[in-house]
Amino acid sequence: MVTRPELNTRLPIDIQPEVYFALRTGQPIVAFETTILSFGLPQPLNMEVALGCEKRARDLGVIPASIAMLDGRIHIGLEKEQLEFFCSKNSEIRKVNPQNFASTLAMGKPGAFTVGGCLMVCALVGIRVFATGGIGGIHRDWQVIPDVSSDLQALSRYQTITVSAGAKSILNIPATLEALETLGVPVVGWNTDKFPLFHCPTSQYPVSARFDTAKDVAEFAKLHFQLNTGGILLAAPIPAEHAIEFEQLEKWITIALKEASEQQVHGRDITPFLLERLEKHSAGKSLEANTELIFNNSTIAAQIALELAKL
Ligand code: PSU
Ligand code: MN
């Protein structure tokens, strides 16, 4: 069952009743993306992650809202069968970012949203907290092909807190952080002074501010939003017991990048390609880390949503 709310828009949006009710009454909500399910994780782990993230929110009394595009409509809050579809690896499913959002909608194709796509949807209805694994960024060989994820501009544009484990070191991390500074996106550390690298909890790169409690993050976010700005990137380190050692990871990434270059993988395909190669080379170790950090981010996002709802 879905509710078609009277939003300030004629866009085709279906919101699950409990999400709609929560929006109307100011109850805490956390949004989740679907590209990670359709393109980032293998079966059957993707479904485990989808349900596990939603459960982490619910356990804290927060309403989960996974976001995707289906039959020419934007869906905020997905039923179990819809999550199963986005975990099915159906070849019709498109990876949807801000660039192909409207065209995919117009064609009525199913779409799994990236971080950037999800942030657009969050802004349409006023969802302020969003959890993911890692954001996209500037790719390592950007000097040759300027591959800059549309996640970055979306982060700067839409007023939502994105909780991620930093960014994967398949990217050019210093370039990505410079771009976020240029775009005016605060990169805030959750109990850390250093920007985490997805599988690795730390790096040499400082964050722009550090907050240690959900209440502190919520108070800071409220101030930031009042300044008529865009979003915030909250970088939460992977729990130490699931981390992968930096040197080991670099070896796998080097091989994966070489394979991508040999096979001439570009554009929207490169992130999923590199993730799949990493999984192979690490014999699944990267997957365990990936799963645990997403769950961790979901719990942190839910704690922040609870605090934001009190302000
Ligand atoms: N980084 C990851 N795992 C992912 C993604 C990024 O470690 O699954 C996904 C996210 O959905 C992100 C998208 O928004 O890839 C970025 O893709 P691109 O680089 O094509 O913008
Ligand atoms: Mn790209």
Side-chain angles (χ1 to χ4, degrees), residues 31-42 45-46 49-50 53 66-69 86-87 89 93-101 104 111-122 130-142 144-158 160 162-173 175-176 179-180 185 195-200 231 233 235-238 244 249 252-253 256-257 260 265-279 282 286-298:
F32 296 101
E33 59 145 315
T34 35
T35 282
I36 196 170
L37 306 178
S38 299
F39 300 96
L41 293 169
L45 180 67
N46 51 3
V49 165
C53 288
S66 296
I67 299 180
M69 189 186 283
F86 285 101
C87 290
K89 306 287 171 184
I93 301 171
R94 313 280 173 102
K95 176 175 167 182
V96 176
N97 64 28
Q99 185 190 39
N100 63 348
F101 194 128
T104 311
F113 284 119
T114 64
V115 169
C118 263
L119 290 176
M120 281 177 82
V121 177
C122 287
F130 164 64
T132 182
I135 59 157
I138 299 187
H139 283 266
R140 287 200 187 185
D141 59 354
W142 63 276
V144 187
I145 297 173
D147 186 344
V148 177
S149 173
S150 51
D151 289 355
L152 299 183
Q153 206 208 12
L155 278 161
S156 79
R157 221 181 232 188
Y158 305 111
T160 295
T162 296
V163 182
S164 94
K168 273 210 181 80
S169 45
I170 54 175
L171 301 171
N172 183 326
I173 299 298
T176 301
L180 286 166
V185 178
F195 188 70
L197 300 181
F198 201 83
H199 304 99
C200 306
L233 179 61
I238 182 172
I244 301 178
L249 193 67
W252 294 327
I253 288 176
L257 287 168
V265 185
H266 299 298
R268 278 200 279 274
D269 298 331
I270 186 116
T271 302
F273 177 87
L274 291 173
L275 298 185
E276 192 269 326
R277 295 319 296 165
L278 263 187
E279 176 196 323
S282 71
S286 72
L287 281 185
E288 188 222 306
N290 210 332
T291 307
E292 295 299 333
L293 67 85
I294 298 168
F295 287 161
N296 187 51
N297 294 345
S298 305

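As the structure is a computational prediction, the values presented were derived from the model and not from experiment. Just so you know, ligand 1 is whichever comes first in the structure, and atom 1 is the first atom listed for that ligand.
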For ligand 1, which atoms, with element, lie under 4.0 Å from some heavy atom of T35?
9 (C), 11 (O)

Among all the protein's non-hydrogen atoms, which is closest to atom 20 (O) of ligand 1, and how far away is it?
K95 NZ, 2.9 Å

Ligand 1 atoms nearer than 4.0 angstrom to some heavy atom of K168 are 2 (C), 3 (N), 7 (O)

Can you list the steps and then say if N297 with T132 is a side-chain contact (heavy atoms from CB on, under 4.5 Å)?
CA-CA 7 Å; N297 294 345; T132 182; 5.8 Å; no

State whether the number of non-hydrogen atoms from other residues, nucleotides or ligands found under 6.0 Å of R140 atom CZ is greater than 12.
yes

Quick one: do T271 and H139 satisfy side-chain contact (heavy atoms from CB on, under 4.5 Å)? Show the steps, please.
CA-CA 9 Å; T271 302; H139 283 266; 3.7 Å; yes

Begin from the C-alpha positions of L119 and F113 and carry the test side-chain contact (heavy atoms from CB on, under 4.5 Å) through to its verdict.
CA-CA 9 Å; L119 290 176; F113 284 119; over 6 Å; no

Apply side-chain contact (heavy atoms from CB on, under 4.5 Å) to F101 and M69, showing your working.
CA-CA 9 Å; F101 194 128; M69 189 186 283; 3.7 Å; yes

Which is closest to atom 19 (O) of ligand 1 in terms of heavy atoms, T271, I138, N290?
T271

Considering the heavy atoms of F198, write down every atom of ligand 1 situated less than 4.0 Å from one of them.
7 (O)

Distance-minimising heavy-atom pair for V163 and A236:
CG1-CB, 4.4 Å

Is there a polar contact, in the sense of an N or O pair closer than 3.5 Å, between D151 and ligand 1?
yes

Kindly confirm or rule out an N or O of S149 lying under 3.5 angstrom from an N or O of ligand 1.
yes

What is the name of the N/O/S atom in D147 that sits closest to the Mn ion (ligand 2)?
OD1

I need the minimum non-hydrogen distance between L41 and K89, along with the two atoms involved.
O-NZ, 2.6 Å

Consider every N or O of G40 and every N or O of ligand 1, then say whether any pair is closer than 3.5 Å.
no

Among all protein heavy atoms, pick out the one at the shortest distance from atom 6 (C) of ligand 1; state its residue, atom name and that distance to 0.1 Å.
G134 O, 3.4 Å

Note: S150 and P98 closest approach over all heavy atoms is OG-CD, 3.4 Å

Which residue supplies the protein heavy atom nearest to atom 11 (O) of ligand 1, what is that atom called, and how far is it?
E33 OE1, 2.7 Å

On a heavy-atom basis, I'd like to know which of L152, L274, L275 is closest to atom 8 (O) of ligand 1.
L275

